[in-house]
Protein chains: 2
Amino acid sequence: MNFSIAEENYIKNIYHLQQQSELVNTNSLAYELQTKPASVTDMLKKLQVKNLLDYEKYKGFRLSSKGNKVAINIVRRHRLWEFFLVTKLGFEWDKVHAIAEELEHVSNQELIQKLDRFLNHPQTDPHGDPIPDGNGKMPVIHQLSMADVVEKKKVIVSSVGNQSPAILELLNHYHINIGTEIKINQRFSFDGSIEIKVGKYAACIISELVAKNIFVYHD
Amino acid sequence: MNFSIAEENYIKNIYHLQQQSELVNTNSLAYELQTKPASVTDMLKKLQVKNLLDYEKYKGFRLSSKGNKVAINIVRRHRLWEFFLVTKLGFEWDKVHAIAEELEHVSNQELIQKLDRFLNHPQTDPHGDPIPDGNGKMPVIHQLSMADVVEKKKVIVSSVGNQSPAILELLNHYHINIGTEIKINQRFSFDGSIEIKVGKYAACIISELVAKNIFVYHD
DNA sequence: ATATTTTTTTAGATTTGTCTAAAAATTAAT
DNA sequence: ATTAATTTTTAGACAAATCTAAAAAAATAT
């Protein structure tokens, strides 16, 4: 079955909101889609008719299992394109989202299957998020962004989400490389910056932007 | 300036029809777009307001110079994606049109510029059609499909638009390779088949589909 | 040159996705 | 437990792109 771009955007955003809370409400979806609550209600009714949504008036809503499958497929396309844009076309990590947002709506099965093969079945997109496989199965990713690591954890750097000379210069300065062990001391909520300890060097602070670009493993 | 998918499809198809005749008429565009003449008239008015079209009621229409630039950009995107689909993703020559038709509407300048670089600035798409560069300049292509060669011409095979084992088997059978000289004897309009003479071998007939897949140079 | 046919355009309706303003239901507050 | 505030939905309108049916213009044929 085929869905309009508008429908796909609703489905995808409901999916993402569900990662944070079981039930989704009209206002937050409207905010996410940069539209008005009334428009959301209209679309919810259409999605419900197509059996993509479990929805009761005034009670909130969630994707049906069919809706979930559709959503995961969209997420798959989005993340594969992001991976392509960064690794093949040389885009910066942080510039690919908007473009992938358009490419994801080209919904030819064979295209995505062949793209996946061409990219060697990547497990995560350039932001470290897992890419579901053709059956909708999410790979279990041990890698996560340093911005998401809890305090006091020791981690090992696995990859960097941005290949720009600017960030590599910075990482050199901090003595951070692939394989480097880092301890997360403390996170400052004001600006999301983090105090870390790299090997034997004195503790130092990295900005949230840097933290987001460093991917790490931990046990 | 940005255009809707519908607008882009109209512009592109007007462009293609103009390659055959200076002025385009409502019915043929409607046929091309698989829509109704009344819908075409409606859209023509909109395109005229946006200065994309020279249009006089009942007199036919053509793209303005602005419209032409937009069209060439769409053609560029379409052909670059076709090239990508065949050479990188391994699609068959004849399966890529529909997919490129969708991808062409993702109109991010940087995306197309980087895709072009990634593909090494190809001069022609998998059908042998020239790919305009970033400034809208069409490369002069001496290569053309054998289906388009006039009768009695001698040509030299330059490439094959389809890498499938099936066509390669056929070409072997006909003793056709890259560099082979072929004389086009006669074209049969009933089915588009062509009688050709390959080197010293007896004249034989190839189907239109095969002819379309053989690209040749001639003086 | 007039009638016939074909092509093109207008008029008015429809579908999709959106909006504003107002009503209804739910939640929070006193 | 009412009242107040918030959230959600309805009602009605609008823009884009399409359609059908009918009118208008142009091309063709006698």
Side-chain angles (χ1 to χ4, degrees), chain A residues 1-15 17-18 20-63 67 70-71 74 101-102 104-107, chain B residues 1-14 17-18 20-63 67 70-71 74 101-102 104-105 107:
Chain A
M1 186 153 285
N2 242 50
F3 303 100
S4 73
I5 291 175
E7 287 170 329
E8 288 196 346
N9 282 333
Y10 273 86
I11 293 166
K12 186 185 59 172
N13 279 284
I14 294 168
Y15 175 85
L17 286 172
Q18 278 193 140
Q20 295 169 285
S21 62
E22 188 65 20
L23 268 177
V24 182
N25 51 301
T26 308
N27 269 354
S28 50
L29 183 53
Y31 177 81
E32 212 63 32
L33 287 162
Q34 314 233 61
T35 185
K36 297 290 135 74
S39 312
V40 170
T41 302
D42 286 347
M43 183 59 95
L44 292 180
K45 287 191 256 176
K46 292 173 197 166
L47 294 178
Q48 191 188 29
V49 170
K50 296 190 178 189
N51 285 309
L52 296 163
L53 212 58
D54 295 334
Y55 168 51
E56 256 186 284
K57 271 168 60 166
Y58 292 104
K59 295 267 170 75
F61 46 91
R62 60 158 66 88
L63 291 171
V70 174
I74 300 166
E101 203 101 287
E102 296 194 56
E104 74 190 4
H105 300 298
V106 179
S107 64
Chain B
M1 186 152 287
N2 242 49
F3 304 100
S4 72
I5 291 176
E7 287 171 330
E8 289 196 346
N9 282 332
Y10 274 87
I11 295 166
K12 187 185 59 172
N13 280 283
I14 295 168
L17 287 172
Q18 276 193 141
Q20 295 169 285
S21 62
E22 188 65 20
L23 268 178
V24 182
N25 51 302
T26 308
N27 269 354
S28 50
L29 182 54
Y31 177 80
E32 213 63 32
L33 287 161
Q34 313 233 60
T35 185
K36 297 290 135 75
S39 311
V40 170
T41 302
D42 286 346
M43 183 59 96
L44 292 179
K45 286 192 258 178
K46 291 174 197 165
L47 295 178
Q48 191 187 29
V49 169
K50 295 190 179 187
N51 285 309
L52 296 163
L53 213 59
D54 295 336
Y55 168 52
E56 255 186 283
K57 268 166 65 165
Y58 292 104
K59 294 268 169 74
F61 46 92
R62 60 157 67 89
L63 291 172
V70 175
I74 300 167
E101 203 101 289
E102 296 195 57
E104 74 190 3
H105 300 299
S107 64

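Naming: A, B, ... by sequence-line order, numbering from 1 per chain.
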Does the side chain of B:Thr26 get closer than 4.0 angstrom to OP1 or OP2 of C:dT9 through an N or O atom?
yes
Measure the shortest side-chain to side-chain distance between B:Tyr10 and B:Leu52 over non-hydrogen atoms and say whether it is less than 4.5 angstrom.
no
Please determine if a side-chain N or O atom of A:Ser4 lies less than 4.0 Å away from the OP1 or OP2 oxygen of C:dT16.
no
Within this structure, what is the CG-to-P distance between B:Leu29 and C:dT7, rounded to whole angstrom?
15 Å
Working to the nearest 0.5 Å, report the span between NZ of A:Lys36 and OG1 of A:Thr41.
13.5 Å
Rounded to the Å, how far apart are A:Leu33 CG and C:dT18 P?
8 Å
Short side-chain N/O contact to C:dT6 OP1/OP2 from B:Asn27, under 4.0 Å
no
Is there a side-chain polar atom (N or O) of A:Thr35 under 4.0 Å from OP1 or OP2 of C:dC19?
yes
Please report the closest heavy-atom contact between A:Phe3 and A:Val70, naming both atoms and the distance.
CE1-CG2, 3.7 Å
Evaluate B:Glu7 against B:Lys46 for salt bridge (charged side-chain N to carboxylate O under 4.0 Å, His left out), listing each step before the verdict.
CA-CA 9 Å; B:Glu7 287 171 330; B:Lys46 291 174 197 165; over 6 Å; no
Using atom CD1 of B:Ile5 as one end and atom P of C:dT16 as the other, report the distance to the nearest whole Å.
17 Å
If you look at every heavy atom in A:Leu63 and A:Ala71, which pair is closest and at what distance?
CD1-CB, 3.8 Å
Which pair of heavy atoms, one from B:Leu23 and one from B:Ser21, lies closest together, and at what distance?
O-OG, 3.1 Å
Phosphate contact (C:dT18 OP1 or OP2) by A:Tyr10 side-chain N/O below 4.0 Å:
yes
Which of C:dC19, C:dT9, D:dT18 is nearest the side chain of B:Ala6? It is D:dT18
Nearest whole Å is fine: how far is D:dA17 C1' from B:Glu7 CD?
10 Å
How close or far is atom P of C:dA13 from atom CG of B:Asp42, stated in whole angstroms?
15 Å
To the nearest Å, how far apart are B:Met43 CE and D:dC19 P?
11 Å
Sub-4.0 Å heavy-atom contacts from residues 44-61 of chain A onto DNA chain C, ordered by number:
A:Lys46, A:Tyr58
From CD of A:Glu8 over to P of C:dG17, roughly how many Å is that when rounded to an integer?
11 Å
Does the side chain of A:Ser39 come under 3.5 Å of the side chain of A:Asp42 through a donor N or O and an acceptor N or O?
no
Any A:Ser39 side-chain N or O less than 4.0 Å from OP1/OP2 of C:dG17
no
Taking only N and O in the side chain of A:Thr41, is any of them less than 4.0 Å away from OP1 or OP2 of D:dT10?
no
